[in-house]
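Some notes on the structure that comes next.
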Amino acid sequence: MRQNIDSGGQWEDSHGYSRAVRVGSMVWVAGTIAGPAALEEGPEGQTADALARIERALEEAGASLHHVVRTVVYVVDIEETPAISRAHRRAFGGIRPVSTLVEVSALADPRAVVEIQADAVIA
């Protein structure tokens, strides 16, 4: 059985995707940037907001951050890694999922400096 989770984000309808999808015990959360208000914050604030949005999607799917087994973090400036890592560590320091960090040339919103996707397994 498939459960699609939508957050009402501006690109979900226009691009044709869901914020998260649960199938069985697996939950995949799409790349997530900070919400509009948090896009005015720096890298650490944007990361914290994106992770909070991911957490809400996971909760709607019946999961939590503790179920996350992998994150992929896209950054537009690799030099911002320490600030981004602080927020990631606050969310996942005790969970320690595998994580990949990749520098990209741009994200969908030019104000965004970080985008995060997450995969979870509900055990």
Tell me, with the steps shown, if Leu107 and Val76 meet side chain to side chain contact (heavy atoms under 4.5 Å, CB included).
CA-CA 7 Å; Leu107 297 170; Val76 295; 3.9 Å; yes

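- Linking Ile, Leu, Val, Met, Phe, Trp and Tyr residues whenever their side-chain heavy atoms come within less than 4.5 Å leaves Tyr74 and Ile33 in two separate clusters.
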Worked check of side chain to side chain contact (heavy atoms under 4.5 Å, CB included) between Val113 and Val75:
CA-CA 6 Å; Val113 299; Val75 301; over 6 Å; no

Can you check side chain to side chain contact (heavy atoms under 4.5 Å, CB included) on Leu65 and Leu58, steps first, answer last?
CA-CA 7 Å; Leu65 292 179; Leu58 288 167; 3.9 Å; yes

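- Val68 places a side-chain heavy atom less than 4.5 Å from the side chain of Phe92.
- Between the side chain of Gln46 and the backbone N or O of Leu39 there is at least one donor-acceptor pair closer than 3.5 Å.
- For the 3.5 Å distance criterion, the side chains of Thr71 and His88 qualify, holding a donor opposite an acceptor.
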Evaluate Val72 against Ser99 for side chain to side chain contact (heavy atoms under 4.5 Å, CB included), listing each step before the verdict.
CA-CA 6 Å; Val72 180; Ser99 186; over 6 Å; no

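- In this structure, Glu80 has no salt bridge (Lys or Arg N to Asp or Glu O under 4.0 Å) partners at least two apart in sequence or on a different chain.
- Atom CZ of residue Arg56 and atom CG of residue Leu51 lie 11.0 Å apart, to the nearest 0.5 angstrom.
- Residues Val23 and Ile5 fall into different hydrophobic clusters, defined by Ile, Leu, Val, Met, Phe, Trp and Tyr side chains chained together at heavy-atom separations under 4.5 Å.
- Within the model, atoms CZ of Arg19 and CG of Asp6 stand 9.0 Å from one another, a figure rounded to the nearest 0.5 Å.
- Formation of a donor-acceptor pair under 3.5 Å by the Arg22 side chain with backbone atoms of Gly24 is found in this model.
- Among all heavy-atom pairs drawn from Ala48 and Ala87, the shortest one is N-CB, 3.9 Å.
- Side-chain atoms of Asp49 do not come within 3.5 Å of backbone N or O of Ala38 as any donor-acceptor pair.
- Heavy atoms only, all atoms of each residue included: Ala34 and Ala50 are closest at N-CB, 4.0 Å.
- Using a 4.5 Å cut-off between side-chain heavy atoms of Ile, Leu, Val, Met, Phe, Trp and Tyr, with links allowed through other members, Trp28 and Tyr17 fall into different hydrophobic clusters.
- In this structure, Gln117 contributes its side chain and Ala30 its backbone to no donor-acceptor pair below 3.5 Å.
- Using modelled atom types, one side-chain atom of Gln3 and one backbone atom of Glu60 make a donor-acceptor pair closer than 3.5 Å.
- Of the inter-residue distances, the one linking Glu79 atom CD with Glu103 atom CD reads 8.0 Å to the nearest 0.5 angstrom.
- By the salt bridge (Lys or Arg N to Asp or Glu O under 4.0 Å) test, Arg111 is found to be paired with Glu40, Asp109, residues two or more places apart in sequence or in another chain being considered.
- Under the 4.5 Å side-chain heavy-atom criterion for Ile, Leu, Val, Met, Phe, Trp and Tyr, Ile78 and Ile116 are members of the same hydrophobic cluster.
- Put simply, Val29 and Val121 are part of two different groups of oily side chains (I, L, V, M, F, W, Y) that touch within less than 4.5 Å, one to the next.
- Interatomic distance, Thr47 OG1 to Ile84 CD1, rounded to the nearest 0.5 Å: 4.5 Å.
- Here His66 contributes atom NE2 and Ile122 contributes atom CD1; the two are 13.5 Å apart, rounded to the nearest 0.5 Å.
- For Arg89, the salt bridge (Lys or Arg N to Asp or Glu O under 4.0 Å) test picks out no residue, with sequence neighbours left out.
- In this structure, CG on Leu101 lies 4.5 Å from OG1 on Thr81, to the nearest 0.5 angstrom.
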